[in-house]
Amino acid sequence: MSQSTLNRQTASDDQSEERMPVFQSLTAERVQAIRGDFPVLAQQVNGKPLAYLDNAATTQKPHVVIDKMYEYFSTQNGTVRRGVYHLSEISTREYDLARAKFAKFINAPSPKEIVITKGATESVNLVASSYGQQVVKSGDAVLVSGLEHHANLVPWQQLCLMQNATLLKIPVLDDGTLDQDAYDTLLNTHDNIKILAVNHVSNALGTINPIHSMIAKAHEKGIVVVVDGAQSTPHMPVDVQALDCDFYISSGHKMYGPTGVGLLYGKMDLLDAMPPYQLGGDMIRTVSFEKTTFAPPPARFEAGTPAIAEVIGLGSAIDYIESIGVSTIDAYEKELLHYATEQLNALPEVTIIGTAPEKAAIVSFKVEGVHPHDIGTLLDQEGIALRAGHHCAQPVMDRFSVPATARISLSFYNTTEEIDALVVGIKKIVKLFK
């Protein structure tokens with residue numbers, strides 16, 4: 001391991017136990033320093049500085065995450081919970097510490113209420129398959145919003161088909177917000193709804209849904225609420241106890257951590273009553289040819305050898321986020337969102353799709369006469385990385401009568417200069433297509 005790697009790792013370890021937000025705001029100088037923590041941002045693409053504006057798809061990884069995973073493979077590689085030897089004990093301690101960090105990060109009552117999965121998609125499927133098949137019966141209903149990512153729609157759709165249940169939808173208004181009057185009507189006219197599945201933030205439009213009030217209303221009707229927090233957890237403070245949600249789902253690679261890690265919070269009474277999702281090693285209490293008994297949560301839902309290095313790396317990513325401060329990140333990204341919205345609205349050929357008053361730093365837009373895929377391809381020539389497509393949210397695209405949009409999604413390492421470069425790139429595209 002290089003000396004610089006060791007220095008960075010030592011600094012991370014020294015701050016990993018109790019990290020408090022250090023910065024009240026992110027100045028331009030501080031953002032430049034942060035950018036130096038992300039090696040991928042230093043490169044050029046097609047001879048232009050990389051402007052990475054696709055953070056809703058995946059975030060880049062800071063040195064501390066890369067170094068932590070390198071350290072694990074170099075000095076700690078051993079299976080967790082399955083050995084009494086030194087390497088296994090270190091790996092188990094680091095793995096369990098990462099779980100505890102995430103529990104604290106979202107204010108879960110206990111690390112035992114955090115199930116580690118391979119991604120947010122698996123987390124939804126776990127709840128739909130294990131909890132959903134238990135409680136949703138023929139004649140029942142599952143309520144989803146019209147803003148959902150396919151991962152928080154298709155599992156519930158298929159559950160309803162399997163159980164002969166009904167899938168209900170909360171409609172979307174013209175500004176990209178959920179129709180709360182329609183939501184109230186659905187709750188009051190359907191007494192058979194068992195589950196509400198709703199995202200905290202729309203990955204396609206950036207809409208921040210009023211989930212606190214939506215959860216409270218659902219609970220008044222005895223409905224269990226599953227919140228997809230993949231787009232919220234890295235960008236704004238999340239307190240699952242204050243929200244009182246029943247399940248909350250996060251994605252490691254959208255939190256500046258590795259791919260292959262998902263996080264599922266569930267209230268213990270619900271988790272404890274749920275059957276296993278997968279069967280195998282490490283999720284059992286006893287096994288004989290006659291009978292198997294299962295371990296309590298969270299082990300019951302974590303069959304097989306997990307992605308150990310990735311989970312440990314995510315623990316370092318959480319440390320890194322907390323070293324900046326989630327509230328500080330939230331405030332800075334709102335400034336970027338305001339600036340990007342102003343600049344794009346100033347272009348007569350650009351139409352923003354989704355203008356909710358409360359948004360995360362995500363902007364979907366179309367350019368008159370230009371297909372979003374062409375926008376993405378041509379902007380790549382300028383070193384600008386954004387997403388073009390339906391964003392795994394085809395019903396949202398259908399709602400706004402567009403086949404796809406171009407989408408920028410911003411992070412605390414992005415700058416107004418990168419937004420300026422985006423605007424220059426769009427102007428070139430408009431001129432090219434005239």
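Just so it is clear, the values below take in all heavy atoms, side chains as well, and ignore hydrogens, waters and symmetry mates. Not measured: the values here are computed from a predicted model.
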Set of residues satisfying side-chain hydrogen bond (donor to acceptor under 3.5 Å, both in side chains) with respect to Arg99, sequence neighbours excluded: Glu302

Contacts of type side-chain hydrogen bond (donor to acceptor under 3.5 Å, both in side chains), residue Thr117, not counting sequence neighbours: Ser123

For [X], ring-ring contact (aromatic ring centres under 6.0 Å, His included) partners two or more places apart:
| X | result |
| --- | --- |
| His338 | none |
| Tyr332 | none |
| Phe38 | Tyr320, Tyr413 |
| His149 | none |

Carefully, step by step, assess Asn209 and Asn199 under the rule side-chain hydrogen bond (donor to acceptor under 3.5 Å, both in side chains). CA-CA 7 Å; Asn209 289 316; Asn199 54 33; 2.7 Å; yes

Spatial distance of atom CG (Leu344) from atom OH (Tyr339) [nearest 0.5 Å]: 10.5 Å

Please answer whether the main-chain N or O of [Y] pairs with a side-chain N or O of [X] as donor and acceptor at a distance below 3.5 Å.
| X | Y | answer |
| --- | --- | --- |
| Ser316 | Val65 | no |
| Gln157 | Leu153 | no |
| Thr75 | Glu71 | yes |
| Gln241 | Asn107 | yes |
| Asp228 | Asn152 | no |
| Ser250 | Gly262 | no |
| Gln134 | Ala273 | yes |
| Ser91 | Gln76 | yes |
| Glu418 | Thr415 | yes |

Glu94 and Lys68 ion-paired at < 4.0 Å: yes

Pairs satisfying side chain to side chain donor-acceptor pair (under 3.5 Å), at least one member in [range], at least two apart:
| range | answer |
| --- | --- |
| residues 259-275 | Asp244-Lys267, Asp246-Lys267 |
| residues 383-398 | Asp54-Arg387, His391-Thr405 |
| residues 350-360 | none |

Indicate yes or no: at least one non-hydrogen side-chain atom of Thr233 is less than 4.5 angstrom from one of Tyr248. yes

Will you find, in the side chains of Thr293 and Thr286, an N or O donor that is under 3.5 Å from an N or O acceptor? yes

Quick check on Lys48: does its NZ atom have over 12 non-hydrogen neighbours (other residues, nucleotides or ligands) under 6.0 Å away? yes

Give the table of side-chain donor-acceptor pairs shorter than 3.5 Å for residues 125-133, with sequence neighbours excluded, one pair per line with atom names and distance.
residue	atom	partner	partner atom	Å
Asn125	ND2	Thr121	O	2.8
Ser129	OG	Asn125	O	2.9
Ser130	OG	Pro275	O	2.5

Residues that Lys334 engages under salt bridge (charged side-chain N to carboxylate O under 4.0 Å, His left out), provided they are two or more places apart: Asp330

Report the C-alpha distance between Glu113 and Ser110 in whole Å, list the side-chain angles of each, state the deciding distance to 0.1 Å, and finish with yes or no for side-chain hydrogen bond (donor to acceptor under 3.5 Å, both in side chains). CA-CA 6 Å; Glu113 293 177 307; Ser110 167; 5.3 Å; no

Which residues pass the side chain to side chain contact (heavy atoms under 4.5 Å, CB included) test with His235, not counting sequence neighbours? Tyr256, Glu333

